[in-house]
Every structure is written in structure tokens, then in C-alpha cells.
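The chains referred to below are lettered A, B, ... by the order of the sequence lines, with proteins before strands, and numbering in each begins at 1. All values below were derived from every heavy atom in this structure, side-chain atoms included, with hydrogens, water molecules and symmetry-related copies excluded. The structure presented is a predicted model; accordingly, all values stated were derived computationally and were not measured.
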There are 2 protein chains.
Amino acid sequence: MIPSDDSVIHTVTERKILEAAKRVFGRKGLDGARMQEIADEAGLNKALLHYYFRSKDNLFRAVFREVFQSFFPAVFEMMGEEGYSFEEKIRRFVHSYIDLIRQHPYLPGFILHHMQGPEEGTVRVVEMFRATGLDPGVFYREAKKEAEKGNIRAIDPAQLILNIISLCIFPFFGAPVISAFLFPGQDYERFLEERKEAVSDFVIHAIRKT
Amino acid sequence: MIPSDDSVIHTVTERKILEAAKRVFGRKGLDGARMQEIADEAGLNKALLHYYFRSKDNLFRAVFREVFQSFFPAVFEMMGEEGYSFEEKIRRFVHSYIDLIRQHPYLPGFILHHMQGPEEGTVRVVEMFRATGLDPGVFYREAKKEAEKGNIRAIDPAQLILNIISLCIFPFFGAPVISAFLFPGQDYERFLEERKEAVSDFVIHAIRKT
DNA sequence: GTCTATACGGTGATAGAC
DNA sequence: GTCTATCACCGTATAGAC
């Protein structure tokens with residue numbers, strides 16, 4: 001088998017490398033990450049990384065694709081599901097989204113590190129998103145429909161989506177700093193649990209008709 | 001004069017270096033930034049950077065301190081001012097905060113790049129914040145007071161602060177990506193103007209009694 | 001203070017034994 | 001497929017002329 005092709009089947013070693021690389025790239029970014037550190041974290045040899053993924057940049061791309069695809073898909077589709085009120089959908093979305101990020105703590109850092117500056121990561125990110133086949137419009141149409149039905153107050157759906165995502169993701173950046181200042185001494189896990197409710201309530205109240 | 005001491009007086013050259021370094025570190029992060037690039041951006045020679053700031057890490061620390069101190073102070077104090085209702089305070093805070101970040105587009109990236117991972121930047125950030133002498137508790141006390149007076153609904157003040165900051169800052173990360181998806185073809189400046197109102201309204205509705 | 005030229009160390013990548 | 005040893009390059013940092 002030719003290593004590092006587009007096949008989704010991975011050998012055990014390849015998997016180890018990818019998982020280690022996710023964490024290290026997430027912590028250090030593309031530039032900060034060292035092949036040696038990834039090798040150590042995978043419990044393997046540096047040369048193996050090059051055997052499976054010819055170059056650092058190549059390894060990065062592989063990791064990036066995987067990370068990105070696991071980041072967005074599942075949760076976003078919840079907005080299209082039948083049988084839930086809009087408020088319920090928001091609550092479910094927020095809970096799942098925060099859970100998702102908690103399970104992959106390197107994700108926000110990873111995405112963030114690589115969508116700074118107009119040229120570098122952005123094009124890649126946009127292409128990636130398109131490749132997932134995901135339709136960001138589901139959320140948009142739901143919100144618009146609800147506003148027209150008069151169930152929620154008039155609000156730009158794009159701003160609403162941006163708000164929800166901001167509230168979910170931001171706390172993960174600099175989590176230590178935030179804890180230190182706003183929630184000193186509090187257990188981080190507990191904070192996240194409370195955060196799910198706090199965000200849901202906040203959003204729902206913000207769009208509720210007065 | 002001994003270069004790179006803690007004096008706040010800077011020579012013209014020193015200023016050029018600091019300003020260039022802000023932008024480059026903001027775009028590339030500590031690891032991604034190259035002394036050569038900073039020198040080019042400052043229209044100076046690489047050796048001069050070392051003359052004024054002995055090492056890259058030293059230059060970084062100088063930039064970091066400056067950036068951080070310009071980031072937080074002024075805006076936060078608005079929350080303590082007399083003669084405004086809580087809603088007005090929030091609106092003023094949001095507007096000023098978004099304006100501030102717009103004027104220093106490298107700031108969010110800069111802060112973000114360097115508060116990933118528990119040890120690295122976090123301690124520095126926390127120390128820095130303490131050094132500004134700023135009291136994050138102003139916001140906290142205001143919110144608590146309002147909740148007790150029954151002017152707003154019961155809400156954890158810490159969560160409220162976190163929400164407001166999230167809504168203000170997050171859009172600046174990956175701004176290109178967000179524009180591409182949520183506001184295609186729209187002028188970025190105009191988006192920010194609308195964003196100020198959208199965030200203010202969102203927050204105010206979210207805390208208003210129903 | 002500002003420049004050019006150079007030393008030095010570290011990192012990505014490869015060769016080759018097993 | 002996995003390892004050790006080594007190369008070639010690039011970026012920080014310094015030396016030294018002006």
C-alpha cells in the first residue's frame with residue numbers, strides 16, 4: 001500500500017501519528033510544532049513520520065482535513081431535524097457543540113492557528129468546508145422561517161448564527177485565563193456543564209419576543 | 001541609553017521595530033514570525049533588532065506587554081462610570097470594544113496565539129493583566145447589583161461578562177472565513193458597524209426581564 | 001547607531017542497516 | 001516497516017567595519 005494517499009484506511013502506526021500530530025499541532029501550531037515532538041508523543045521514530053507522510057506540510061494537511069471534517073458535520077445537521085421546536089433545536093445544538101469541543105480540546109486552537117491572515121489558511125478552510133458537503137444554510141433558513149412566523153423577534157439570521165458559535169467556542173480559547181479570572185478555583189468540567197445551560201438560556205432569551 | 005530596558009521612552013528606531021513586530025507577531029505568532037520579516041517591515045536591518053532587544057524572545061516580551069496593556073484598560077473602566085443605565089453601559093462598552101479591536105486588528109490573533117496550553121502563555125497573561133491594575137470586578141459588581149435590584153433577570157455575572165466578550169472578539173478570528181460564509185460580498189467595515197448594534201441588542205434582550 | 005558578513009545551533013528530510 | 005546516523009538548510013545571534 002502506498003503510504004499517505006487519500007485512502008481512509010489507516011494502519012495502526014499511521015493512526016498513532018495522526019493522533020499525536022493533532023495534539024501537537026493544536027498546542028503549537030504548524031510552525032511551533034516539531035516533528036520530533038510529534039514522534040515522541042506517538043512513541044515512534046521521527047523517520048516514520050516521513051515514511052508515511054513525506055513531509056511536515058503533508059502531515060499537516062492530512063491532520064487538517066481530519067480535524068476539520070470531524071469539527072463541523074454532525075452537529076450542524078441537528079438544525080434540520082424534525083420534531084423539535086426552534087428553542088429545543090438551539091438548546092440541543094449548543095449542548096452538542098460544547099460537548100464536541102470538549103472531546104477534542106485541540107480543535108479550537110487548531111482551527112484558530114490556521115485561519116489567521118487573509119491568504120494563508122483561509123482558502124484552505126473555505127475549500128475544506130465546501131468539501132464536507134455541509135450546508136450552513138440550514139441554520140439560516142430555520143432562523144428566517146421562525147422570524148417570519150413571528151415566533152422570534154426580527155434578527156439577522158447570520159448574526160444569530162455567529163452569536164451562537166461565538167458563545168460556544170470562545171471560552172475554549174484561553175480557557176486557563178478565563179478560569180483564573182472569572183471562575184477562580186472552579187472545576188473546569190463543571191464550568192462547561194453550567195456553560196451549556198447559560199449559553200442556551202442566553203440565546204433563547206435574546207431572541208424571544210418581548 | 002541602555003537599549004531594551006523597561007523605560008517607556010523609545011527612540012524612533014525602537015518604535016519602528018515595535019510597531020513592525022506587533023504586526024508580524026500578530027500575523028504569524030511567535031514561532032512563525034521571522035526576525036528578517038520584522039526587519040523588512042520596519043525598513044531596517046536585522047542586526048538592529050538584536051541591538052535594541054537582545055533576542056527574539058525579548059522583543060516578543062516587549063511587544064506583548066505593550067499590546068496587552070493597550071488591549072484592556074480604557075474600555076473596561078467604562079463600566080464604572082456614573083450617569084448611564086446598565087443598558088447604556090453595555091451598549092457603550094460593546095461599541096468601544098469592537099472599535100478598539102478594529103483599530104488594532106493584530107490584537108486578537110496576538111493574544112490568542114499566546115494563551116494556548118496551560119503553562120506557556122497563561123501565566124504571563126495573568127501576570128500582565130494584574131500589572132495593568134485593572135479590576136475585572138467592576139463589571140461583575142455592576143451586573144450583580146442590577147440583578148438584585150430586579151432590573152435584569154437573574155444571571156451569573158461571570159457568564160454575562162464572558163458572553164459579551166465572546167460576542168465582541170470572536171468575529172475577528174477568522175474574519176475572512178466568516179465573511180466568506182455568512183456575509184458573502186459584504187463590506188467588512190459595514191459588517192463591523194452592524195455587528196456593534198447586533199451584539200448590543202442581543203445582549204440587552206438576553207438579560208431583559210420577560 | 002547602523003550596516004555586512006559570518007558563526008552556530010536546531011530542524012526537516014534522507015540514506016541505509018536490519 | 002522500523003530504526004540510527006547523517007546531511008543540508010535556514011534562522012537566530014554575534015563580530016566587526018564604518
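If you take CD1 of A:Ile17 and C1' of D:dG1, they are 11 Å apart, rounded to a whole angstrom. Rounded to whole Å, the distance from CG on B:Leu59 to P on D:dG11 is 17 Å. Whole-Å rounding puts the B:Leu49 CG to C:dG1 P distance at 15 Å. Look at CZ on B:Arg54: it is 8 Å from P on D:dT14, rounded to the nearest Å. One interatomic measurement links the two molecules: NZ of B:Lys28 to P of D:dG11, which rounds to 11 Å at whole-angstrom precision. Protein atom NZ of A:Lys56 is 8 Å distant from nucleotide atom P of C:dA13, rounded to whole Å. Whole-Å rounding puts the A:Glu14 CD to D:dT2 C1' distance at 14 Å. In this structure, CZ of B:Phe60 is placed 14 Å from P of D:dA13, rounded to the nearest angstrom.
Under 4.0 Å is where a charged nitrogen must lie from a carboxylate oxygen, and between A:Arg92 and A:Glu88 no such pair does. B:Lys89 and B:Glu142 are joined by a salt bridge, as a carboxylate oxygen and a charged side-chain nitrogen come within less than 4.0 angstrom of each other. Here A:Glu87 does not pair with A:Arg91 in a salt bridge; the nearest charged N to carboxylate O distance is not below 4.0 Å. Salt-bridge annotation for B:Glu19 and B:Lys16: absent, with no side-chain N of the basic residue lying under 4.0 Å from a carboxylate O of the acidic one.
Contact check, B:Arg34 against D:dT12: a side-chain N or O comes under 4.0 Å of OP1 or OP2. Close to C:dC3, at under 4.0 Å from its OP1 or OP2, lies no side-chain N or O of B:Tyr51. Distances shown here put a side-chain N or O of B:His50 below 4.0 Å from the OP1 or OP2 atom of D:dA13.
Using a distance-only test at 3.5 Å, with no hydrogens or angles considered, a donor-acceptor pair links the side chain of B:Lys56 to the main chain of B:Ala33.
For B:Ser55, counting side-chain heavy atoms from C-beta on, the closest listed nucleotide (D:dT2, C:dT2, D:dA13) is D:dA13.
For B:Gln36, the side chain to side chain donor-acceptor pair (under 3.5 Å) test picks out B:Asp40, with sequence neighbours left out.
The aromatic ring centroids of B:Phe60 and B:Phe25 lie less than 6.0 Å from each other.
Contacts between residues 35-48 of chain A and DNA chain D, defined by a heavy-atom separation below 4.0 Å, involve A:Asn45, A:Ala47, A:Leu48, listed by number.
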